[in-house]
Structure formats: C-alpha cells, structure tokens
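Below is one structure; the comments refer to it alone.
What you see is a predicted model; the values in this text were computed from it and never measured. Every chain is numbered from 1, with letters handed out A, B, ... down the list of sequences. Just so it is clear, the values below take in all heavy atoms, side chains as well, and ignore hydrogens, waters and symmetry mates.
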Amino acid sequence: MKRFILLFSSLFFLSGFWALPADAQTPEAPDQLVQSVVNEVLEVIRNDPKVQAGDPQRVRELLDGKLLPHFDFRRMTMLAMGRNWRAATPEQQNELTEQFKNLLIRTYSNALSQYRNDTINVKPLRTREGDKEVTVRSEVVRKGESPVAVDYSLVLGNDSEWRCYDVTVGGVSLVTNYRDEFNQQVKAGGIDGLIQSIAQKNKGSA
Amino acid sequence: MRQYFFFLAILLIPLLPGCASTGSIADDDPLEPINRAMFAVHQPLETYVARPIADVYETVTPSVARQAVTNFFNNIDDFFSGVSGLLQGNLDSAGHDFGRVIVNTSFGLAGLIDFASDADIPRGGQDFGLLLAHWGIGPRPYLFIPLLGPTTLRDGIGGFAQGSASPISWYVDDKSIRWRNALWGLHAVDGMSSGIKLLNTVDSAAIDRYTFIRSAYLQRRAHQANDDSYRRAIFDDVDFDHE
C-alpha cells in the first residue's frame with residue numbers, strides 16, 4: 001500500500017515536468033528535454049519558498065510559463081476519450097480538452113511542493129531517425145522508499161516540438177486511468193454529462 | 001486452523017480464470033454491481049472508522065515508530081517476495097529479498113530497521129498474487145472489499161495464502177493468540193495509515209472514485225506482473241487521421 005502513496009502523488013505532479021524554451025527546427029533529443037525540464041522545475045521548487053508553500057499565483061506562473069507549453073492536451077483528451085471522441089461535436093471536443101486540462105492543472109498544483117527533496121534520474125533513450133513517438137523512462141528516488149518508475153510518452157508535433165501526452169507512474173497511466181472514468185461517465189450521462197462532471201469537479205474545493 | 005486456510009486457498013486456485021487480462025479494465029470487473037455495493041458499504045467505514053484510527057495513530061506515535069512498524073511488516077513481505085521470486089525462477093530478485101531479510105532481521109532488530117535499503121539492496125516487490133499471475137492466472141474478476149480495498153480473486157487468494165503462512169500466524173496457543181491478534185491489528189492500522197494518505201490524492205483527481213481506484217489498482221498489478229495488455233490498448237479506438 002505504501003508504494004502506492006508515492007506512486008499516486010508522483011502521478012499528479014510529475015506529468016508537469018515539461019518546460020524548456022521553444023527551440024528552433026531540429027527537435028531536441030526527448031530524453032535531454034525531459035532531463036533539463038526536470039532540473040529546471042526542481043530548481044524553482046527548491047528555491048522559491050512561495051511555491052513550496054503552495055501559493056496558487058506562483059504555482060500557476062510556474063505551470064503556465066514552463067510546463068503547459070510542453071503538453072499536448074488535445075491528444076491527451078482524445079486518447080482518454082477513446083471511441084467517444086468521434087461521437088463528440090467539435091465544440092464538445094474543445095470544451096472537454098479545456099476542462100480536462102484544468103482538472104489536471106488543479107491536481108498537480110496541490111502536489112507540487114512535495115517533490116523538492118526527490119532525485120529524478122532520466123534514463124538515456126535510444127531513438128531512431130524519423131521516430132515520432134517515444135517513451136522516456138525515469139526513476140524518482142525518495143529517501144526511505146523504493147524508487148518509482150515514471151515514463152513520459154511524447155509525440156513529435158508538426159512544429160518539431162516534442163510534447164507529452166501521457167505519464168505512467170509505476171505502471172499506472174494517466175490516460176488509461178481517465179479513459180476508464182470517461183467511459184463510465186459517458187455511459188451514464190452522455191458527453192455533456194461528462195463535461196459537466198469535470199466542470200463540477202473543477203469548481204469544487206481546490 | 002491456519003493450515004486449513006492455506007489448503008483452502010490452494011484448492012481455490014484451479015477455479016481461477018486462466019486467461020490473461022483482456023486489455024479493457026471494465027471487462028476485468030464482471031462483478032461491478034456487487035463491487036459497487038461493497039464500495040458503498042466501504043465509504044462510511046472509511047470516513048468513520050479507518051480515517052479516525054489513522055489520525056489517532058499518527059497523533060500518538062512518532063514517525064520513527066511508524067516507520068519501524070512499516071519496516072517490520074515489510075521485512076515479512078520481503079521473505080515471501082523471495083519465495084515468490086524463487087518459484088518464478090527469478091534468482092536475482094529472490095537473492096536480493098533473502099539478503100534483505102537476513103540483514104534486516106539480524107542487524108535491523110527483527111526487521112524494525114531497514115538497513116538493507118541503506119545498503120542499496122532493492123526490494124524484489126513480489127508476492128503470491130504475482131506468482132499466480134506468473135503461472136498464467138489473469139486479474140479477472142476484480143474485487144472491492146470494504147476496508148481492505150481493491151484486489152482481485154487472484155491477488156486475494158495470494159494474499160490469503162501469504163497471510164496464513166506468515167510468521168505472525170505461527171505458534172498459536174492460548175498465550176500467543178493475543179500477540180498474534182495484536183500484530184495483525186497493528187498491521188491493519190499501518191495499512192490504513194498509508195492507505196488514507198493515498199486516498200487523499202485520489203480524491204483530488206478522481207471524477208468517480210470507484211472507477212479511479214479500480215483502474216489504478218489493475219494497471220499497477222498488470223505492470224508488476226509484466227502484463228502490458230492495458231498499456232497496448234491505449235491507441236485502440238483512436239483515429240488520429242481524422243483530426
């Protein structure tokens with residue numbers, strides 16, 4: 001059971017580790033991207049007492065400035081929806097992506113400060129020329145606990161930027177977890193019902 | 001008594017469905033209506049029993065003591081992890097586990113101190129449920145048991161066998177039975193204390209608590225059993241070309 005604690009808390013925060021200034025045409029090696037993002041974000045957390053205290057404004061700045069540009073929320077939502085995605089109108093698709101994004105942001109922000117003493121080792125990745133999908137593996141080491149494997153799934157966009165669309169912590173994939181939930185909600189209340197459930201969740205206590 | 005439980009558990013094994021997981025988490029929960037009823041029973045028990053107990057435990061004991069308690073039970077689990085690894089032919093993981101148990105049981109005062117982790121001997125993380133998985137038994141059906149939480153028929157039988165064989169259950173006569181019960185009670189409190197922390201995180205993320213816990217549990221166990229069928233299903237039913 002204990003393993004699960006680290007596992008879950010990691011799930012919600014680590015998927016936020018995507019920040020690097022936009023690079024020009026040649027995409028940066030994805031494993032190096034993850035490593036530098038991890039370092040950069042950990043540095044902010046370790047040095048900013050306001051982020052450590054969970055100041056919503058500062059946490060939001062950190063996320064907006066460094067992390068969110070490196071996420072592909074639309075793809076993430078699409079995968080979490082599975083076959084239901086095609087059943088949704090373009091308006092519903094946009095609304096879902098927005099609400100899902102907010103749900104994830106809200107969840108990560110709460111967990112941010114727990115990670116300042118963790119060590120994150122990104123493993124070197126063997127890529128082939130022309131790869132458009134990669135999984136970067138890493139390991140989170142916390143004193144007194146077993147290391148937890150964290151895998152980042154990245155896709156190469158048309159703008160030659162790698163973006164993250166799934167994070168798997170100790171084998172638990174964020175996308176798969178939400179797909180199960182989304183399916184359930186759509187079955188019960190249709191796509192509008194799902195949008196409403198997420199929106200309601202977002203309005204709840206942060 | 002425990003010997004009977006152990007044999008009962010072994011007798012149940014042939015009844016388990018042999019197929020690996022289907023890739024669909026919902027399909028691995030054919031008993032969902034019953035499980036949801038159990039989950040409804042669980043929720044007030046969690047709020048009014050498990051949480052207060054975990055709170056009191058954390059208030060009255062220093063964290064060093066709680067860590068020692070966790071280490072003590074981990075040490076017992078490590079032994080069974082070693083047995084499970086051995087029966088799976090994974091000598092590397094079994095060797096680490098038995099090494100850990102020897103170090104922690106002797107120098108670590110019966111497992112209260114985890115010296116082996118400081119010496120970088122990793123935990124194998126195996127158990128009897130994963131041993132059954134190795135022998136081809138799938139996660140179906142998923143089960144939710146009030147207060148004990150998520151499991152599967154396979155993992156439940158594995159856990160039951162492991163509990164029956166545990167040294168905590170040994171040497172039960174009229175005098176030691178009180179000790180046995182106290183230890184199992186402490187084990188339960190230790191589990192609640194870590195379980196509640198986990199659930200707090202679940203609550204900030206989950207839209208539907210039941211589904212979230214089910215999905216995370218089944219994925220985690222599949223990962224531990226090297227079964228990637230859920231993972232491979234992630235691109236099913238998705239057509240990016242339509243974008």
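- The aromatic rings of A:Tyr165 and B:Phe235 sit tilted relative to each other, their planes meeting at an angle between 30° and 60°.
- For B:Gln43, the CD atom sits in a packed shell: over 12 heavy atoms of surrounding residues, nucleotides or ligands are nearer than 6.0 Å.
- Heavy-atom minimum distance, B:Ile207 versus A:Glu181: N-OE2, 2.8 Å.
- At a 4.5 Å heavy-atom cutoff, B:Asp29 makes no contact with chain A through either its backbone or its side chain.
- The shortest non-hydrogen separation linking B:Thr211 to A:Gln184 is OG1-CG, 3.7 Å.
- The heavy-atom pair separating A:Leu103 from B:Ala205 by the smallest distance is CD2-O, 4.1 Å.
- Within 6.0 Å of atom CZ in A:Arg83, 12 or fewer heavy atoms from other residues, nucleotides or ligands are found, so the atom counts as exposed in its surroundings.
- Summarising the geometry of A:Ser153 relative to B:Arg231, their closest heavy-atom pair is OG-NH2, 3.1 Å, with the distance given to 0.1 Å.
- With 3.5 Å as the limit, one finds no donor-acceptor pair spanning the side chains of B:Asp208 and A:Gln185.
- Once rounded to the nearest 0.5 Å, the distance linking OG of B:Ser24 with CG of A:Asn183 reads 8.0 Å.
- Within 6.0 Å of the CD atom in A:Gln196, the count of heavy atoms belonging to other residues, nucleotides or ligands does not exceed 12.
- The distance from the OG1 atom of A:Thr107 to the CG atom of B:Asp203 is 11.0 Å, given to the nearest 0.5 Å.
- When all heavy atoms of B:Ile234 and A:Arg179 are compared, the closest pair comes out as O-NH2, 2.6 Å.
- Looking at every heavy atom in both residues, A:Asp180 comes nearest to B:Ile25 through OD2-CG2, 2.9 Å.
- Distance check, rounded to the nearest 0.5 Å: CD of B:Gln219 to CG of A:Leu174 gives 9.5 Å.
- Put simply, of B:Ser117, B:Ala26, B:Ala206, the one with the most heavy-atom pairs under 4.5 Å next to chain A is B:Ala206.
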